[in-house]
Amino acid sequence: MYRFHPSVKWSAGYPDRQQIVSQITQLWKRYGLQERTKFNTRVTSVTQDKQGRWIINDPANGRFDGVMAAVGSCGDPKMPHIPGQENFKGEVYHSSKLDGKTAQGKKVLIIGGGASAVEALEFVVHTGAKSTSVLARSEKWIIPRNVFVDCLLAFNIFGQETIFSWIPESLLRIFFYRDLDDLAPQSEGLFTETPMVNSDIFHQIRAGKAEWLRGDTLGFTENGIRFNHRSKGVPKGGPGREDVVEGDMVIMATGFARPSLAFLPDEVFKEPYAPPNWYLQVFPPEHMSICANNCTYVNAIGAVGNYHIGIYTRLLLMFLVDPLARPQEKWMKRWIDMTKIIKRHAPTGAFDFFTYSELMYWFVFCVVINPFRWKWAPFVLCGIGSALPLRVVKREDSIRNGLGMKRHRHE
């Protein structure tokens, strides 16, 4: 994901801890980040002084022009307690704690049906599990790991279900799901929730190395999980057939808690402009100098976590150094309102789901709508050419100062 450093390459779709730490360490040393980082510091408050500069916890930590919240969307592992778990004779792990573990020769039960479950399934298959059962409460869309297909799906610039959504959904059922169409969602549209991206899962099911079971996890037994098998279309908790799915290793693919943004000022959480209903989803309209980069993300198609993170960062830099390019609170709120109107028929909230083409439209609109941002377009959208707009800003500053115009607090 380090787009600014193209030598970073992963050897697999899911790099392990050693690979990730190794690449981060190289970048850490190359850019001298030890001089810019303070560890063991829990951020509890972000407040402004009278000059509008940001104070992190205490003035002793310094005063800053901008704040980038980068806590992400996945925090501590969710590890719910399931009745009877203490009686289970096998091993129980969260899907994030599999490094150094092996499933060789074991009957593995995976509780959960999201991206964590798919990652866990890859782990157990590749480490030689005897059998694997995924216990999922509902079906989620799965799309192939194919750049061409994923780009086509992300081309839905409306960022929501449309009258044409049945076309890609039908094509996926016919050419990707094929004989496993029963695993495709019945009523949930493709453009309502982040799909799982995996080309191998159906191969593992067809080869008999894994099975995908729909139903409710009721509790542990000594030798497995009590499970209520539900037919397609039967809601969670509905009638079904109960039995015990045997296993000697359980992986809890139950996801992660969302990290809190409670350290930000209280006013950024006031309805109807509370996250994710912010300008471009990450800038609270009350404070354009705060960017919650990738923290307010909910669901999307094509959001691969690199280009838009860089663009959001460069937008914040543009707002901070160029007074004429800064958005005003009222216009930030009007853009939020406009987006809600455009997506008023979406089954999700306007900012609860987007496609990558919609996100690119947001960025282009943001730059085009203000002529003073045009000079920043190559820098914001592509990360190149910051010298020219900075020279223009200095010239604009000298003109404004010559006219006796008041300097902005962020200059």
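- Considering CD of Glu211 and CG of Leu183, their distance stands at 11.0 Å, rounded to 0.5 Å.
- Environment of NZ in Lys130: sparse, with no more than 12 heavy atoms of neighbouring residues, nucleotides or ligands closer than 6.0 Å.
- Within a 6.0 Å sphere centred on CZ of Phe269, heavy atoms belonging to other residues, nucleotides or ligands number more than 12.
- No side-chain heavy atom of Thr313 sits under 4.5 Å from any side-chain heavy atom of Cys291.
- The distance from atom CG of Leu33 to atom OG1 of Thr25, rounded to the nearest 0.5 Å, is 11.0 Å.
- Side chains of Leu172 and Ile143 form a contact here, defined as non-hydrogen atoms less than 4.5 Å apart.
- The line from CD of Glu193 to OG1 of Thr348 is 10.0 Å long, rounded to the nearest 0.5 Å.
- Under a 3.5 Å cut-off, the side chain of Lys209 and the backbone N or O of His203 do not form any donor-acceptor pair.
- Atom CZ of Phe372 is surrounded by 12 or fewer heavy atoms from other residues, nucleotides or ligands within 6.0 Å.
- With Asp216 as the fixed residue, the salt bridge (Lys or Arg N to Asp or Glu O under 4.0 Å) test singles out one of Arg241, Arg230, Arg137: Arg230.
- Among residues two or more places apart in sequence or in another chain, the salt bridge (charged side-chain N to carboxylate O under 4.0 Å, His left out) test is passed with Asp49 by Arg53, Arg63.
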Trace of the side-chain contact (heavy atoms from CB on, under 4.5 Å) decision for Asn87 with Thr221: CA-CA 6 Å; Asn87 299 322; Thr221 67; over 6 Å; no

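- Of the possible polar contacts, one joining the Ser357 side chain to the Ala154 backbone as a donor-acceptor pair under 3.5 Å is found.
- Between Arg173 and Asp181 a salt bridge is recorded (basic side-chain N to carboxylate O distance below 4.0 Å).
- Atom CG of Leu98 is separated from atom CD1 of Ile251 by 4.5 Å, given to the nearest 0.5 angstrom.
- Scanning for side chain to side chain contact (heavy atoms under 4.5 Å, CB included) contacts around Trp331 gives Gln328, Arg334, with sequence neighbours left out.
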side-chain hydrogen bond (donor to acceptor under 3.5 Å, both in side chains) evaluation trace for Gln104 with Thr127: CA-CA 5 Å; Gln104 186 172 6; Thr127 56; over 6 Å; no

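- Counting heavy atoms from C-beta on, the side chains of Ile56 and Val67 come closer than 4.5 Å.
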Stepwise salt bridge (charged side-chain N to carboxylate O under 4.0 Å, His left out) check, Asp179 with Arg206: CA-CA 9 Å; Asp179 56 311; Arg206 293 187 180 103; 2.8 Å; yes

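- If you look at Trp376 and Phe363, their ring centroids are not closer than 6.0 Å.
- Around the CG atom of Asp76, the shell of radius 6.0 Å holds no more than 12 heavy atoms that belong to other residues, nucleotides or ligands.
- Cation-pi geometry between Lys330 and Tyr273 is not met: the NZ or CZ atom fails to fall both under 6.0 Å from the ring centre and inside 45° of the normal.
- Put simply, the side chain of Leu359 reaches to within 4.5 Å of the side chain of Tyr312, judged on heavy atoms.
- The number of heavy atoms from other shown groups lying within 6.0 Å of CD (Glu35) does not exceed 12.
- Once rounded to the nearest 0.5 Å, the distance linking CD of Gln281 with CG of Asn294 reads 8.5 Å.
- Between Phe158 and His345, the distance from one ring center to the other does not fall under 6.0 angstrom.
- Taking a 6.0 Å sphere around NZ of Lys232, one finds it holds more than 12 heavy atoms contributed by other residues, nucleotides or ligands.
- Looking only at distances, a side-chain donor or acceptor of Ser165 sits under 3.5 Å from a matching main-chain atom of Thr162.
- Ile201 approaches Leu121 most closely through the heavy-atom pair CG1-CD2, 3.5 Å.
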Worked verdict on Val380 versus Ile311 for side-chain contact (heavy atoms from CB on, under 4.5 Å): CA-CA 6 Å; Val380 168; Ile311 293 174; 4.1 Å; yes

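- Formation of a donor-acceptor pair under 3.5 Å by the Arg326 side chain with backbone atoms of Phe319 is found in this model.
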side-chain hydrogen bond (donor to acceptor under 3.5 Å, both in side chains) between Ser199 and Asn146, intermediate numbers included: CA-CA 8 Å; Ser199 297; Asn146 180 290; over 6 Å; no

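- If you look at Phe283 and Trp335, their ring centroids are not closer than 6.0 Å.
- Using a 4.0 Å cut-off between charged nitrogen and carboxylate oxygen, Glu91 and Lys106 count as a salt-bridge pair.
- Residues Val134 and Ile205 are not in side-chain contact: their nearest non-hydrogen atoms beyond the backbone lie 4.5 Å or more apart.
- Nearest heavy-atom pair across Ile290 and Leu316 is N-CD1, 4.4 Å.
- In this structure, Asn156 contributes its side chain and Gln160 its backbone to a donor-acceptor pair below 3.5 Å.
- A donor and an acceptor atom, one from each side chain of Thr296 and Trp278, are nowhere located under 3.5 Å apart.
- Between Glu169 and Trp141 the shortest side-chain heavy-atom distance falls below 4.5 Å.
- With Trp374 contributing its side chain and Val368 its backbone, the two residues share a donor-acceptor pair below 3.5 Å.
- Just one of Lys375, Lys394, Arg314 meets the salt bridge (Lys or Arg N to Asp or Glu O under 4.0 Å) condition when paired with Asp322; it is Lys375.
- Counting only distance, with no hydrogens or angles, the side chain of Glu161 and the backbone of Phe191 share a donor-acceptor pair below 3.5 Å.
- When side chains are defined from C-beta on, Phe176 does not count as touching Val149, because their heavy atoms never get closer than 4.5 Å.
- A perpendicular orientation is assigned to the rings of His308 and Tyr356, their planes being inclined by more than 60° (bins at 30° and 60°).
- We find the CD1-CG distance between Ile309 and Asn293 to be 5.5 Å, quoted to the nearest 0.5 Å.
- Of the possible polar contacts, one joining the Lys343 side chain to the Gly159 backbone as a donor-acceptor pair under 3.5 Å is found.
- Heavy-atom neighbours of Asp58 CG from other residues, nucleotides or ligands within 6.0 Å: above the threshold of 12.
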side-chain contact (heavy atoms from CB on, under 4.5 Å) assessment of Asn223 paired with Val244: CA-CA 8 Å; Asn223 302 310; Val244 175; 5.8 Å; no

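- Relative ring orientation between Phe220 and Phe88 is described as tilted, the plane-to-plane angle lying within the 30° to 60° band.
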Working for side-chain contact (heavy atoms from CB on, under 4.5 Å), residues Phe263 and Val71: CA-CA 11 Å; Phe263 52 83; Val71 297; 4.2 Å; yes

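- Looking at Glu119, its side chain never comes within 3.5 Å of a backbone N or O of Ser95 through a donor-acceptor pair.
- In this structure the side chain of Val92 reaches within 4.5 angstrom of the side chain of Met79, judged on heavy atoms.
- Checked by atom type and distance alone, the side chain of Thr194 pairs as donor or acceptor with a backbone atom of Ala300 at under 3.5 Å.
- Phe354 and Tyr297 have perpendicular rings, their planes meeting at more than 60° on a 0 to 90° scale where under 30° would count as parallel.
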